[in-house]
Amino acid sequence: MTDKKQTDENKLIAERRRKLEALREQGNAFPNNFRRNALADELQKMYGARENESFEAEAVEVAVAGRMLVKRDFGKANFIKLQDRSGQIQIRVERDRLPDGVYAAFKKWDVGDIVGASGALFKTNTGELTVRADEIRLLTKSLRPLPEKFHGLADQEIRYRQRYVDLIMNDESRDVFRKRSAIVQYIRAFLDAQNFLEVETPMMQTTPGGAIARPFMTHHNALDMELYLRIAPELNLKRLIVGGFDRVYEINRSFRNEGVSTQHNPEFTMLELYRAYADYEDLIDMVEALLRGMSDAITGSTKLTYQGEEFDFAKPFARTTVEDVILRFNPDIEKAKLRDRDYLAASCEQLGIPVNNGFGVGKLQIEIFEKTVEDNLRQPTFVTQYPTEVSPLSRKNDADPFLTDRFEFFVAGRELANGFSELNDAEEQAERFRAQAEYRAAGDDEAMAFDHDYIRALEYGMPPTAGIGVGIDRLVMLFTDSPSIRDVLLFPHMRPEVFD
RNA sequence: GGGGCGUUAGCUCAGAGGUAGAGCAUUCGGCUUUUAACCGACUGGUCGUAGGUUCGAUCCCUACACGCCCCA
C-alpha cells in the first residue's frame, strides 16, 4: 500500500467521505441483505402500458436496486432514478410514507450512490411508471462524483481508462459490449450446431507460429526459459485435426508486438476454425452464411450502416482474385506482365512502395494489392488465389502452383477473415518453413520459425482440411458502427497513467 | 518513427500577454407529480509537467508526458 496522497482528492470527495464516516458510526455502512425481485426493464415491459386504475385495483409490490443517477428534490418528496443492468426505473420518495429518520438520512444521499427501494408501482401525472417507496436503503456509498448528467462523459481518455465510469454514463457503450457478447454467442451457436468442438490451446509457446508477425516475449522463472505469447493458435489447432478432432474452433486472444492504431490492439480476439474434408470454397460459403445470419440476428436487418456507409449482407458477396482485382484498380498495369518481377518492382517504385531485394513476384503483387486495392473493397468481397510466396501454410492450387487455395474477406476496406485449404503435405511444409528461415536469415524478423513438431504432426497425416481466422474485434466494430478498435475492447491498451 | 490537433473547477466547455469565467454537480435555504425540475445564496483552480522570453506568462517559445486523428 502506498501512503501517497491521491492527486485527485477534492472537496466533493471529502464531503462524501464525511458522509460515509457518519454511516460507519451508525452501523454497517456496507450492508448486503437487501434483495431485489425485479429489474427496471422487466417492469417497463410488464407494466409500462397499464393505467393507474389497474394499480389501484391490484397493487404491484416490487423491490428494485441500482445506482441513483437522478435526484430531484421537492422538499418533502423526491423523484429519483435507479439504473440497474437492464435500464432505469423512477422511484418516488415521500417523507410521510417512510419510518422516522429515513427521509432525513435519504436527503444526504448523493447521485451515484447504490440504493435499494421497495413499494408499489404507480403512474405519475406525466405517465411514467414509478415505484412509491415504502422502504429505501443506501446499499453502497459512492465517494466519487459522476460526470455531469446532461453531457455525460465525453473525454475519450477517461472513457477508455475508467471504463466503469463510461459504462455507468453511456448507454451506447453498454450496448457495444452487449452486442459483442451476442456476436460471440451467435458464432458459438452456429458452430456448435455443425458439431464443431470448442477447444483452448496454449497462449504461451516456445515457437510462435501460424502467422507472420512479431511476438511478445516473456520468461518462465522456474524453468528458466524464454516463452512467446502466441501470434495465432493455428498450428496447435491443426495438430488437433491430426489427432482426429476433425472440426475444431477456438475463440480467444492472440498477441502481436506491433503498432497500436484504430485497427490494432496488441492483444486481440480471433475465431479460428478448422474443418477436415473441406476446402477453402466450403469455408467461403460458410463465412457468407455466418455473416448473413449474424447481421440479421444482431441488427435485425441484412443491411448495416458503418460510419455512414451502407453494406448489404443479403446480396451474394462479391468474389474475385488477387490478380483480377489488382488489374481492376490499376488500369496501367499490363495483365501479361503481372508475374514479371522487374515490371512489378518498377510498378512498386512508381507507387512509392519500398522494394526489398528478397521480394519475389508474389510479395510484390501483395504489396501492390495492399497499397491500391484494400481500401476500395467496400461491399463484402472475397479475394482468392493468394501467391504461394506469402502463404506459407496454404495448399497450392492444383492448376497453378504460383497460387494457393486461399482467400481473404473484406468489408469497408478492412480484412475481416483469412482462410485457406491447408497444406497437409509434411515434406512440402518443411520446404516452406526452410524458405521462411531464409527470409529470416536475410533480416525479415517477421518470417515464420521452423516448427519441427508441427512437421512431425503432419507426418502422421492430416486429412484434407480447410481453416479460417476471423478478427472478432473488427467484426464487432462493423456491427456496432465503432470507428476505433478501442471502442469494442472493454480495457483497450493504454500507456500507463501516472499517479504521483 | 513522422505530421496535425488537444490538455483550463468533479464533469461539459468559454477565455485573454496585466493575477480566471459559465452551466451542471457540491454546500446552505425554499418547494409533495418532476423529466437537463425550479427559485435564492455560497463555495470550488499549481490553467498537463519542466525550462525559456518578458517588468509581468495560464496565454508567446522549447522540450517532455498523456490523449485523439492521419501517414509509415
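Order of the sequence lines fixes the chain letters, A, B, ..., with proteins taken first and strands second; residue numbering starts at 1 for each chain.
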>> Is there a side-chain contact between A:Phe409 and A:Phe317 in this structure, where contact means two heavy atoms from C-beta onward sitting under 4.5 Å apart?
In response: yes
> Considering only B:rU34, B:rU32, B:rC68, which nucleotide approaches the side chain of A:Phe79 most closely?
Replying inline: B:rU34
> Which value, in whole Å, describes the distance between the P atoms of nucleotides B:rU8 and B:rG67?
Replying inline: 15 Å
> Should the pair A:Arg132 and A:Phe122 be classed as cation-pi, given the thresholds of under 6.0 Å to the six-membered ring centre and 45° from the axis?
Replying inline: yes
> Which residue lies toward the 5' end of RNA chain B, A:Glu15 or A:Gly127, if each is placed at its nearest nucleotide?
Replying inline: A:Glu15
>> Starting the side chain at C-beta, find the nucleotide from B:rC66, B:rU12, B:rU34 nearest to A:Thr130.
In response: B:rU34
> How far, in whole Å, is B:rU26 from B:rG51 if one measures between their C1' atoms?
Replying inline: 37 Å
> In whole angstrom, what separates A:Ile89's CD1 from B:rU34's C1'?
Replying inline: 15 Å
>> For A:Asp113, run the salt bridge (Lys or Arg N to Asp or Glu O under 4.0 Å) check against A:Lys141, A:Lys71, A:Arg137, A:Lys108 and tell me which one passes.
In response: A:Lys141
>> If you compare every side-chain N and O of A:Lys107 against the phosphate oxygens of B:rU32 (OP1, OP2), does one of them come in below 4.0 Å?
In response: no
>> Side-chain N or O of A:Lys149 versus OP1/OP2 of B:rC11: is the shortest distance under 4.0 Å?
In response: no
>> Between C1' on B:rU32 and CG on A:Leu98, what's the gap in Å once rounded to a whole number?
In response: 12 Å
>> From the set B:rC13, B:rC70, B:rU33, return the single nucleotide nearest to any side-chain atom of A:Phe74.
In response: B:rU33
> Can the positive tip of A:Arg406 be found less than 6.0 Å from the middle of the six-membered ring of A:Tyr386, inside 45° of the ring normal?
Replying inline: yes
> If you measure from the P atom in B:rG4 to the same atom in B:rU62, how many Å do you get, rounded?
Replying inline: 11 Å
>> Taking the C1' atom in each of B:rA14 and B:rA20, what is the distance between them to the nearest angstrom?
In response: 11 Å
>> From C-beta outward on A:Gln156, which listed nucleotide comes closest to its side chain: B:rC68, B:rU34, B:rC24?
In response: B:rC68
> When you compare B:rA57 with B:rC39, how far apart are their C1' atoms, in angstrom units rounded to a whole number?
Replying inline: 41 Å
>> Any donor-acceptor pair, under 3.5 Å, between the side chain of A:Gln90 and the base of B:rU34, if you only look at N and O atoms?
In response: yes
>> Evaluate A:Asp41 against A:Gln88 for side chain to side chain contact (heavy atoms under 4.5 Å, CB included), listing each step before the verdict.
In response: CA-CA 7 Å; A:Asp41 200 45; A:Gln88 296 187 359; over 6 Å; no
>> Among B:rU43, B:rA72, B:rC11, which nucleotide has an atom closest to any side-chain atom of A:Lys371?
In response: B:rA72
> Nearest nucleotide by nearest heavy atom, which residue falls closer to the 5' end of RNA chain B, A:Arg16 or A:Pro147?
Replying inline: A:Pro147
> B:rU12, B:rU26, B:rU34: which one has an atom nearest the side-chain heavy atoms of A:Leu153?
Replying inline: B:rU12
>> Heavy atoms only, 4.0 Å cut-off, all strands: where does A:Lys19 land among base, sugar-phosphate and nothing?
In response: sugar-phosphate
>> Tell me the interatomic distance from A:Phe122, atom CZ, to B:rU33, atom P, rounded to whole angstroms.
In response: 11 Å
>> By the 4.0 Å heavy-atom rule, please label A:Tyr103 as base, sugar-phosphate, or nothing.
In response: nothing
> Got a second to check how far A:Ser347's OG is from A:Gln365's CD, nearest 0.5 Å?
Replying inline: 10.5 Å
>> Quick check on B:rU27: is either OP1 or OP2 less than 4.0 Å from any side-chain nitrogen or oxygen of A:Lys11?
In response: no
>> Rounding to an integer number of angstrom, what distance separates B:rU34 and B:rU46 when you compare their P atoms?
In response: 40 Å
> How far does the C1' atom of B:rU27 sit from the matching atom of B:rA63, given to the nearest Å?
Replying inline: 42 Å
>> As a quick check of understanding, evaluate side chain to side chain donor-acceptor pair (under 3.5 Å) for A:Thr480 and A:Ser482, giving each step before the final call.
In response: CA-CA 5 Å; A:Thr480 58; A:Ser482 299; 2.8 Å; yes
> Would you say a side-chain N or O of A:Arg92 is under 4.0 Å from OP1 or OP2 of B:rU34?
Replying inline: no
> Within less than 4.0 Å of OP1 or OP2 of B:rA37, is there a side-chain N or O belonging to A:Arg72?
Replying inline: yes
>> Between B:rG56 and B:rA16, how many Å separate the two P atoms, rounded to a whole number?
In response: 23 Å
> Counting any heavy atom closer than 4.0 Å, what does A:Asn78 reach on the DNA or RNA strands: base, sugar-phosphate only, or nothing?
Replying inline: nothing
>> Measuring from the side chain of A:Glu148 (C-beta onward, heavy atoms only), which nucleotide among B:rU32, B:rU34, B:rG23 has the closest atom?
In response: B:rG23
> Which nucleotide in the list B:rC68, B:rU33, B:rU32 gets nearest to the side chain of A:Met494?
Replying inline: B:rC68
> Reckon A:Gly259 touches a base, only the sugar-phosphate, or nothing at all at heavy-atom distances under 4.0 Å?
Replying inline: nothing
>> When you measure from the side-chain N and O atoms of A:Arg486 to the phosphate of B:rC69, is any distance below 4.0 Å, counting only OP1 and OP2?
In response: yes
